[in-house]
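Notes to accompany the following structure.
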Amino acid sequence: MLATLFWLSAPQQAFGEGVLRLASDDWCPYVCTKDGKIVNGYLVEVTAKSMAAMGYRVEPVLLPLNRAMSMSASGDVEGVYAPPADARLRPSTVIAYSRACFYTRADSTWMYRGPASIEILRLGVIDDYGYDDGPMDAYIARHHKPGSMLDFSFGATAGTTNVQKLLSGRFPVMLEHESVMRLLSKDLAATRHVRQAGCLEQPLPLRIGFALQDMRKTAWIRALADGMKVLQASGELAAIRERYHIGQ
């Protein structure tokens, strides 16, 4: 407890300095926006408070995910919230896990019963997203080409676009993270019009991806991990999880 109080009360500059620009698109409840800016969200809040405990200030930047990753690789931002596995980024400690599920219109009877069940239908996904860091992401990578059965959406509002495509019949099934879909369908007044049709076997670990070429990345990764320990010891991490309805 004394160590925790020391971390929380010590001047920020004792542990580090500088501003980290972390980018993402709208992915509430993990990254939430208002009026064209990132304002809060589980990943945003945990990262900001963890890094602040270690002397850093985080500046969230709203960008489409693929652009955020490119800008991180080029050094225009320092990192990305919850990127898929990418050789251009160095991943942090896991901040949370998120389960991705399949969704259909409410009148459908289709159910996900393993990889073979998605090979014969058109599936809505988001370009450059990670869904399980495993078999599903590998499947999408293999079929990321013209003429495949995948329907890709792009940009900062790709999740909303996919729900609208699903409801309009552009494809029969879409893939989205469970917590994200809960809010998307509520915001679009579509809760009664969609149904969950099974989930991926493997949840996606959510991390911060820091620019690989930046020499400060190791210090940032250590600071985030240490800062999360401070939040956990104080009880604040559990409170943030409860506020955003995020599991362990």
Side-chain angles (χ1 to χ4, degrees), residues 24-33 41-42 63-69 81-86 96-206 244-247:
S24 176
D25 53 15
D26 189 339
W27 202 49
C28 209
Y30 300 107
V31 180
C32 306
T33 67
Y42 177 77
L63 291 171
L65 183 59
N66 52 4
R67 187 178 172 201
M69 294 171 66
Y81 294 104
D86 192 287
Y97 289 90
S98 179
R99 185 173 67 161
C101 300
F102 296 88
Y103 295 88
T104 72
R105 292 184 297 278
D107 58 355
S108 173
T109 60
W110 179 89
M111 289 295 298
Y112 174 70
R113 304 188 188 282
S117 62
I118 62 173
E119 293 179 353
I120 58 174
L121 55 78
R122 192 156 185 80
L123 175 67
V125 296
I126 298 176
D127 189 50
D128 280 336
Y129 261 40
Y131 290 100
D132 65 355
D133 229 6
M136 189 67 215
D137 287 350
Y139 173 85
I140 292 173
R142 288 196 308 271
H143 294 82
H144 200 297
K145 55 189 176 182
S148 79
M149 296 296 283
L150 297 179
D151 186 309
F152 288 94
S153 287
F154 306 84
T157 58
T160 296
T161 299
N162 265 358
V163 176
Q164 293 169 337
K165 285 182 177 181
L166 177 70
L167 295 176
S168 66
R170 293 275 296 276
F171 44 67
V173 182
M174 65 173 282
L175 182 61
E176 182 56 271
H177 287 267
E178 191 173 26
S179 297
V180 177
M181 186 63 175
R182 183 166 56 244
L183 292 182
L184 281 174
S185 57
K186 181 180 178 181
D187 290 345
L188 294 170
T191 302
R192 292 185 296 173
H193 303 291
V194 299
R195 60 182 278 274
Q196 190 180 102
C199 300
L200 294 177
E201 296 82 358
Q202 183 173 307
L204 178 72
L206 304 182
Y244 289 102
H245 305 288
I246 304 297

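What you see below is based on every heavy atom in this structure, not just the backbone, and it leaves out hydrogens, waters and symmetry mates.
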So, taking the atom named [atom1] in [X] and the one named [atom2] in [Y], what distance separates them when rounded to the nearest 0.5 Å?
{"X": "Gln164", "Y": "Met174", "atom1": "CD", "atom2": "CE", "answer": "10.5 Å"}
{"X": "Glu201", "Y": "Arg99", "atom1": "CD", "atom2": "CZ", "answer": "10.5 Å"}
{"X": "Leu166", "Y": "Leu184", "atom1": "CG", "atom2": "CG", "answer": "11.5 Å"}
{"X": "Glu178", "Y": "Leu200", "atom1": "CD", "atom2": "CG", "answer": "11.0 Å"}
{"X": "Asp86", "Y": "Asn66", "atom1": "CG", "atom2": "CG", "answer": "11.0 Å"}
{"X": "Tyr97", "Y": "Ser179", "atom1": "OH", "atom2": "OG", "answer": "15.0 Å"}

Heavy atoms, side chains only, cut-off 4.5 Å: are [X] and [Y] in contact?
{"X": "Ile140", "Y": "Tyr129", "result": "no"}
{"X": "Trp27", "Y": "Ile126", "result": "no"}
{"X": "Asp26", "Y": "Cys28", "result": "yes"}
{"X": "Met136", "Y": "Leu175", "result": "yes"}
{"X": "Tyr131", "Y": "Gln202", "result": "no"}
{"X": "Lys165", "Y": "Ser153", "result": "yes"}

Exercise for the section: Scan residues 152-172 for pairs that pass ring-ring contact (aromatic ring centres under 6.0 Å, His included), counting only residues two or more places apart or in two chains. Expected result: His144-Phe152

Shortest non-hydrogen contact from [X] to [Y]?
{"X": "Pro172", "Y": "Leu121", "answer": "CG-CB, 4.4 Å"}
{"X": "Ser24", "Y": "Ala68", "answer": "N-CB, 4.4 Å"}
{"X": "Gly130", "Y": "His177", "answer": "O-NE2, 3.0 Å"}
{"X": "Ile246", "Y": "Pro29", "answer": "CD1-CG, 4.1 Å"}

Practice task
Give a yes or no answer on whether the side chain of Tyr244 reaches the backbone of Tyr30 with a donor-acceptor pair at less than 3.5 Å.
Solution key: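 Judged by distance alone, no pair lies under 3.5 Å.
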
Under 3.5 Å, which donor-acceptor pairs do the side chains of residues 188-195 form with other protein atoms, sequence neighbours left out?
residue, atom, partner, partner atom, Å
Arg195, NE, Ser108, O, 3.4
Arg195, NH1, Thr104, OG1, 3.0
Arg195, NH1, Ser108, O, 3.2
Arg195, NH1, Trp110, O, 2.9
Arg195, NH2, Trp110, O, 3.4

Exercise for the section: Only counting residues at least two apart or in another chain, list the ones meeting side-chain contact (heavy atoms from CB on, under 4.5 Å) with Arg142. Expected result: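 Arg142 satisfies side-chain contact (heavy atoms from CB on, under 4.5 Å) with Ala138, Tyr139 only.
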
Practice task
Return each pair, listed once, that meets salt bridge (Lys or Arg N to Asp or Glu O under 4.0 Å) where at least one residue sits in residues 123-135; pairs must be two or more places apart or across chains.
Solution key: none

Determine all donor-acceptor pairs shorter than 3.5 Å in which one atom belongs to a side chain in residues 112-119; sequence neighbours excluded.
residue, atom, partner, partner atom, Å
Ser117, OG, Arg113, N, 3.0
Ser117, OG, Gly114, O, 2.6

Practice task
May I have all residue pairs that pass disulfide bond (SG atoms under 2.5 Å apart) and include part of residues 103-202, sequence neighbours excluded?
Solution key: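 The answer is Cys101-Cys199.
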
